[in-house]
Amino acid sequence: MSPRSEQQTIAGLEPPAVAVVDVVVTGRVARVLPDVLGIDKEFDYLVPEGADVHVGDVVRVKLGARRVGGWITALDVEPVPGVKLIPLAKVSGRGPAPDLVELAGWAAWRWSGRRANFLRSATPPAVVRSLPAPSASPALAPGVDQSATPLFQRALALERGVLRLPPGADRYALVLAAVQAEGPVVGGHTLVLCPSVAEAQTLGRRLRRDGVRTAIVAHEAGGVAAAGEWARARAGAVVVGARAAAWAPVSRLGRVVVLDEHDEVYQEEASPTWHARDVVAERARRAGAPCLLVSPTPTLEALGWGDLVVPGRGEERAGWPRVEVIDQRELDPSLGPLFSPMLVNLVRGPGRILCILNRTGRARLLACTSCATLARCAVCEAAVAQADQAEPDSGDRPGQVDDLLCGRCGTRRPMVCLACGGARFKNLRLGVSKAREELEVLAGEPVVEVTGASVEQDSAVASARLLIGTEALLHRVARADAVAFLDFDQELLALRYRAGEQALGLLARAGRLVQRGTGDRGRILVQTRTPDHPALMAARHADPGRLVEGEQPLRVALGLPPAVAMAVVSGQAAPAFMADLGEPAGVVVQGPLEGAWRLRAPNHQVLCDALATVARPPGRLRVEVDPLGI
DNA sequence: CGGACAAGCTGA
DNA sequence: CAGCTTGTCCGG
C-alpha cells in the first residue's frame with residue numbers, strides 16, 4: 001500500500017550557497033492541507049501560543065493573498081527549511097481523527113482523487129468546538145431479544161465476512177447481534193452502513209429505543225443537529241449512516257457492518273468514484289476490526305474479498321418471494337407485448353400491485369419476428385442494437401448500416417437471428433406513460449404513474465392500489481402485495497457488465513417489499529423472453545450462487561472487474577495525462593474511444609500505483625477507478 | 001484555486 | 001512604449 005507522499009521534498013538539491021539564518025522556531029509547527037481542490041499540497045504554520053490543536057482539526061490559514069480553510073495533517077513536524085512560517089489564522093474546530101486523515105490519503109491513492117475531497121466527507125457540517133464526554137457502553141432496554149442466531153454468530157466471528165441474507169430476513173436482529181458481539185477490539189463501537197439515509201434513520205431510531213447509544217451520521221440533515229450527531233459519534237457510540245458515513249468518526253472502531261453491500265448507491269458517481277464498502281473495509285482492516293458485508297445477492301467483489309456464510313437452504317428459500325417467470329415468446333400477441341394474461345389476472349385480483357417498466361432511453365431491444373428470440377451478442381450475450389454507421393468489423397467483412405452492434409464488447413454481426421436464421425426483427429422499445437393507459441383499461445380502475453422525475457404526492461402514492469413506474473417506484477413504496485416486472489429483458493440484457501447482478505438485485509429489492517408484514521411469501525411476476533437467464537434461475541430457486549457460478553468465469557474471460565482493476569480517463573486534459581502516463585508495466589491501455597481511455601491492470605495495486613505516478617495536468621480531468629457505466 | 005508577475009501582442 | 005491579454009508559477 002503506497003499512498004503517494006504529499007509533502008514534496010526536493011531531493012538532490014544543493015544547499016543554498018549563502019547560509020540561511022535559521023529563524024528559531026519556539027512554538028509548535030502544524031502541517032496544513034488547504035481545503036482547495038486545486039492545491040493538493042501541504043503548508044507549514046506556527047501554532048499560536050496555548051492553542052489546543054489536534055491532527056484533523058479544521059483551521060483557517062493565510063495562503064498567498066487569501067485566507068482558506070484546511071485541516072491539520074501533522075503536528076510538531078520539522079518545517080521545510082528556508083521558509084518563514086506565519087501563524088495559523090484561526091483554529092475553527094474539531095475535524096476527523098488521525099486515522100481518517102490517513103485513510104483519506106489511502107482513498108486518494110485508491111480512486112485517484114485529492115485528499116481534500118475525502119477530508120470534506122470526514123468533517124462535521126457545522127463547527128464542533130468540543131466533544132461530549134464519552135459515557136458508558138450501551139445497556140439494552142429490558143425485554144429486547146439479544147440472542148444471536150448461530151448463523152449470525154458464525155458471520156460475526158469472521159474477520160472478513162460476507163453474509164448472504166435473503167430479502168425477507170430480519171436484518172435488525174443481525175445489527176443488534178453485531179453491536180453487542182465481542183470482537184478483538186475491546187470496548188469498540190460498531191459502524192453500520194445502509195444504502196439510504198432514510199433506512200439509516202429508521203435503524204438508528206430503533207436501536208435507540210432498544211437502549212443502544214447511537215449516532216445517526218447524515219450530513220444531508222445539515223447544520224447544527226447533524227454536527228451534534230457527528231460529535232456524539234466522535235465521542236463514542238454505535239454509528240449508523242449511509243454512504244457518507246463511511247467517513248463518520250467512530251471513537252474506537254470495533255466492527256463494521258455494511259447492509260445491502262450490492263447496492264450501487266454506495267459508489268460515488270462523480271469523480272473520485274469512491275465506494276463506501278471498500279472504504280470501510282479498509283478502515284476496519286487498519287483498525288484490526290472485523291468487517292461484515294451483508295446482502296441477499298453479494299457482489300463478486302465481496303465474494304472475492306471475504307468468507308461467505310449462507311443460511312440453510314430452507315431458511316434462504318423462505319426468505320425469497322415466489323418468483324413467477326412468464327415467457328413472453330409464448331404469448332398471444334393480441335394483448336400487446338406488455339400484458340400477459342397472468343399479469344391481467346394479477347392486477348384484477350386483490351392487493352396492492354406495483355408494475356415496473358424501466359424505460360431507460362436509447363437501448364433498443366430487438367426480437368426476431370419469426371421465432372421471437374432476442375437479438376444478442378454472439379460473443380458476450382448482451383442485447384444488441386442496430387448499428388448507426390457502416391464501420392468495418394474486426395474481421396474482413398465490410399460493415400453494413402443495419403448490422404447488429406454490441407454496445408458492451410463492440411462485436412458486429414449481420415442482422416440475422418442466431419436461433420432461426422430469420423432476417424427480420426421488431427423493435428420492442430416501450431414507454432411507461434403509454435403502458436399506464438393500457439393497464440388502466442385492462443384493470444378497469446385508476447393506475448398511478450411514478451418515475452424518478454415525477455413528483456407525485458406521497459399521499460397519492462400511498463393510497464393507490466395499482467402503481468406503474470420505473471425502478472424508482474421500488475424506492476418510493478414501502479410495501480406491496482405483488483411486484484410485476486413488465487419487461488425484465490431491459491434489466492437482464494442491459495449494456496452494462498453488471499446487468500445480471502443488478503437485475504437480481506432488483507428482484508431482491510422487490511422481494512423485500514412484498515415480504516414485509518405479510519406472513520406468507522409475496523409474489524413477484526417477471527415477464528421476459530429469456531426465462532432461463534441465470535439471474536432468473538437464481539431468484540426462482542432462492543439461490544444467488546447460481547448467478548455467480550456463470551458470472552465469475554465470464555468476467556475472467558472478458559477481462560472485466562473484479563477479475564481486473566479498471567479505470568477510465570476522460571476530459572479535456574486526458575490526452576496530456578495519458579501522454580505522461582505512457583504504458584506502465586502491467587497496465588493495458590485502450591483508446592482513445594470517444595475521448596476516453598480505458599486502463600486495465602491485474603489488481604488495484606498495479607493500477608493505482610501507475611495512476612499515482614502522473615501529476616494532474618491543468619484542465620478538466622475525470623479519472624474513474626472502478627467505473628460503473630461499462 | 002487565484003493572485004502576481006512576466007512575456008507577448010497591438011496601436012500609434 | 002503604454003495598455004492590454006495570456007501564460008506560468010507559487011503559496012508556508
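Reminder, nothing fancy here: chain letters follow the sequence lines and each chain counts from 1. Owing to the predicted nature of the structure, the values given are computational and were not obtained by experimental measurement.
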[X] [atom1] - [N] [atom2] separation (whole Å):
{"X": "Arg67(A)", "N": "dG12(C)", "atom1": "CZ", "atom2": "C1'", "answer": "15 Å"}
{"X": "Arg28(A)", "N": "dG12(C)", "atom1": "CZ", "atom2": "C1'", "answer": "18 Å"}
{"X": "Phe43(A)", "N": "dC10(C)", "atom1": "CZ", "atom2": "C1'", "answer": "8 Å"}
{"X": "Ile86(A)", "N": "dG12(C)", "atom1": "CD1", "atom2": "C1'", "answer": "6 Å"}
{"X": "Tyr45(A)", "N": "dG11(C)", "atom1": "OH", "atom2": "P", "answer": "10 Å"}
{"X": "Asp76(A)", "N": "dG12(C)", "atom1": "CG", "atom2": "P", "answer": "21 Å"}
{"X": "Asp44(A)", "N": "dC10(C)", "atom1": "CG", "atom2": "P", "answer": "18 Å"}

**OP:** Just call it for Ile39(A): base, sugar-phosphate, or nothing, with non-hydrogen atoms closer than 4.0 Å on any strand.
**Re:** base
**OP:** Just call it for Gly38(A): base, sugar-phosphate, or nothing, with non-hydrogen atoms closer than 4.0 Å on any strand.
**Re:** base
**OP:** Using chain A heavy atoms and a threshold of under 4.0 Å, write down where along DNA chain B the contacts begin and end, 5' to 3'.
**Re:** dC1(B) to dG3(B)
Ignoring hydrogens and angles, state whether a donor on the side chain of [X] or [Y] is under 3.5 Å from an acceptor on the partner side chain.
{"X": "Glu199(A)", "Y": "Thr202(A)", "value": "no"}
{"X": "Thr297(A)", "Y": "Glu501(A)", "value": "no"}
{"X": "Asp609(A)", "Y": "His604(A)", "value": "no"}
{"X": "Thr73(A)", "Y": "Glu42(A)", "value": "yes"}

**OP:** For the pair Trp106(A) and Trp111(A), name the ring-plane relationship: parallel under 30°, tilted 30 to 60°, perpendicular over 60°.
**Re:** perpendicular
Original post:
When Arg498(A) is tested against each of Glu551(A), Glu301(A), Glu491(A) for salt bridge (Lys or Arg N to Asp or Glu O under 4.0 Å), which residue passes?
Top reply: Glu301(A)
